[in-house]
Amino acid sequence: MELEDKIGYHFKNKELLTVALTHSSYAKERKSQHIEYNERLEFLGDAVLSIIVSDYIFKHCPDLPEGELTKLRASLVCEKSLFEFAKQIRLGDYLVLSKGERKNGGAERPSIVSDAFEALIAAVYLDGGMESASKHVLNFIIPAIKNSKKPQVKDYKTTLQEIIQKNPGERLEYVLVSESGPDHNKHFVFEVHLNSNVIGKGGGKSKKEAEQQAAREALELMGY
């Protein structure tokens, strides 16, 4: 099938691919035939996608704190992103829809196409395992991260230092204001001072992370 060539994966069980591409409207149109459609696969694909993306960004974005990792993952697995990925392989062209749904533009509707994209991930996973699913997903995810307008790994402290250095005589200092929790799960809170004035505050599981978050808050307050 042409779609298999596009995604670089050829199914051993072609029925999985057929189900992944079949929308509920088509099954309802042919009730008597008991046709299987892609909603259950979509459910599984959503979970597989989340695991693959989480694993990749955890390993490749070591400087991002948990909150930033969560935001990045959300931006990559949202309907808007999945629809864009699906358009790269013209997935809508291959969907099996009822006549009415196709006539009403279902093949180009973000909700339908992005759901089918998740179903396709599940089909690859069930047919070829996690390695095949991961390879398929990362074909879309890696370029999306590289093409992101915002650099995903930021050194807020360095950025803040560079801005402050433009004004000779200004002095930055990071001050530990609290430390709590047991040794295996510490939480630190730092303030960043500019000439003894507090311009940012942040917390984290390490001193480095807390300082970075304090610098980030300072940058946000300064409009950067």
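Only heavy atoms go into these numbers, but all of them, side chains included; no hydrogens, no water, no symmetry mates. None of these values were measured; they are calculated from a predicted model.
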Exercise. Can you run down the ring-ring contact (aromatic ring centres under 6.0 Å, His included) pairs that involve residues 1-47, sequence neighbours left out, and say none if there aren't any?
Key: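 Qualifying pairs, neighbours excluded: Tyr9-Phe11.
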
Quiz item: For Val124 and Leu16, what are the C-alpha separation, side-chain angles and deciding distance, and is it a side chain to side chain contact (heavy atoms under 4.5 Å, CB included)?
Solution: CA-CA 8 Å; Val124 173; Leu16 278 170; over 6 Å; no

Exercise. State which residues pass ring-ring contact (aromatic ring centres under 6.0 Å, His included) with Tyr56; sequence neighbours excluded, sorted by chain then number.
Key: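 ring-ring contact (aromatic ring centres under 6.0 Å, His included) check on Tyr56 returns His60.
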
Would you give me the side-chain donor-acceptor pairs under 3.5 Å for residues 135-142, sequence neighbours excluded?
unit_1 : atom_1 : unit_2 : atom_2 : d
Asn139 : ND2    : Lys135 : O      : 3.3

If you take all heavy atoms of [X] and [Y], which pair is closest and at what distance?
| X | Y | answer |
| --- | --- | --- |
| Gly45 | Ile121 | O-CG2, 4.1 Å |
| Pro65 | Gln213 | CG-NE2, 3.2 Å |
| Leu82 | Ser114 | CB-CB, 3.7 Å |
| Val113 | Ala86 | CG1-CB, 3.3 Å |
| Ser98 | Ser25 | N-OG, 3.2 Å |

To the nearest 0.5 Å, tell me how far [X] [atom1] sits from [Y] [atom2].
| X | Y | atom1 | atom2 | answer |
| --- | --- | --- | --- | --- |
| Asn185 | His187 | CG | NE2 | 10.0 Å |
| Cys78 | Glu84 | SG | CD | 9.5 Å |
| Ile57 | Leu72 | CD1 | CG | 4.5 Å |
| Glu79 | Asp115 | CD | CG | 7.0 Å |
| Phe117 | Ser81 | CZ | OG | 10.0 Å |
| Ser134 | Leu49 | OG | CG | 10.5 Å |

Self-check item: Result of checking Glu68, Glu66, Arg73 against Thr70 for side chain to side chain donor-acceptor pair (under 3.5 Å)
Solution: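 Per the side chain to side chain donor-acceptor pair (under 3.5 Å) rule, the option paired with Thr70 is Glu66, out of Glu68, Glu66, Arg73.
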
Self-check item: Lys/Arg N to Asp/Glu carboxylate O, Arg109 vs Glu101, below 4.0 Å
Solution: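 A salt bridge links Arg109 with Glu101.
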
Exercise. Apply side chain to side chain contact (heavy atoms under 4.5 Å, CB included) to Ile51 and Met130, showing your working.
Key: CA-CA 10 Å; Ile51 283 285; Met130 185 58 87; 4.2 Å; yes

Without swapping roles, check the side chain of [X] against the backbone of [Y] for a donor-acceptor pair under 3.5 Å.
| X | Y | value |
| --- | --- | --- |
| Ser50 | Ala47 | no |
| Asn38 | Ala119 | no |
| Asp155 | Lys157 | yes |
| Asn13 | Asp127 | no |

Quiz prompt | Working for side chain to side chain contact (heavy atoms under 4.5 Å, CB included), residues Lys87 and Leu91 | solution = CA-CA 6 Å; Lys87 285 199 292 188; Leu91 185 60; over 6 Å; no

Quiz item: Considering only heavy atoms from C-beta outward, does the side chain of Leu97 approach that of Ile112 to under 4.5 Å?
Solution: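 With C-beta onward as the side chain, the pair touches.
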
Quiz item: With a 4.5 Å limit on heavy-atom distance, are the side chains of Leu21 and Met1 in contact?
Solution: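 When only atoms from C-beta onward are counted, Met1 and Leu21 do touch, with a gap below 4.5 Å.
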
Quiz item: Quick one: do the Tyr94 and Glu2 side chains pair a donor with an acceptor below 3.5 Å?
Solution: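 Result is yes, a qualifying pair exists.
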
Can you give the donor-acceptor pairs under 3.5 Å from side chains of residues 161-182 to other protein atoms, not counting sequence neighbours?
unit_1 : atom_1 : unit_2 : atom_2 : d
Glu170 : OE1    : Asn195 : ND2    : 2.3
Glu179 : OE2    : Lys186 : NZ     : 3.3

Quiz item: Hey, quick one: are Val53 and Ile145 part of the same hydrophobic cluster, counting side-chain heavy atoms closer than 4.5 Å, chains of contacts allowed?
Solution: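 Yes, same cluster.
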
Practice problem: Check the hydrophobic clustering (I, L, V, M, F, W, Y; side-chain heavy atoms under 4.5 Å; chains of links allowed) and say if Val189 and Leu160 are grouped together. | Solution: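 They do not share one cluster, since no chain of ILVMFWY contacts under 4.5 Å joins Val189 to Leu160.
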
Would you say [X] has more than 12 foreign heavy atoms packed within less than 6.0 Å of its [atom1]?
| X | atom1 | answer |
| --- | --- | --- |
| Phe190 | CZ | yes |
| Lys59 | NZ | no |
| Glu108 | CD | no |
| Gln88 | CD | yes |

Practice problem: Begin from the C-alpha positions of Leu120 and Leu17 and carry the test side chain to side chain contact (heavy atoms under 4.5 Å, CB included) through to its verdict. | Solution: CA-CA 7 Å; Leu120 180 59; Leu17 177 57; 3.7 Å; yes

Please tabulate, one pair per line, all N/O donor-acceptor pairs under 3.5 Å involving side-chain atoms of residues 197-209, not counting sequence neighbours.
unit_1 : atom_1 : unit_2 : atom_2 : d
Ser206 : OG     : Glu209 : N      : 3.1

Quiz prompt | Residues which pass side chain to side chain donor-acceptor pair (under 3.5 Å) with Asp46, listed by chain and number, not counting sequence neighbours | solution =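 For Asp46, no residue satisfies side chain to side chain donor-acceptor pair (under 3.5 Å) once neighbours in sequence are set aside.
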
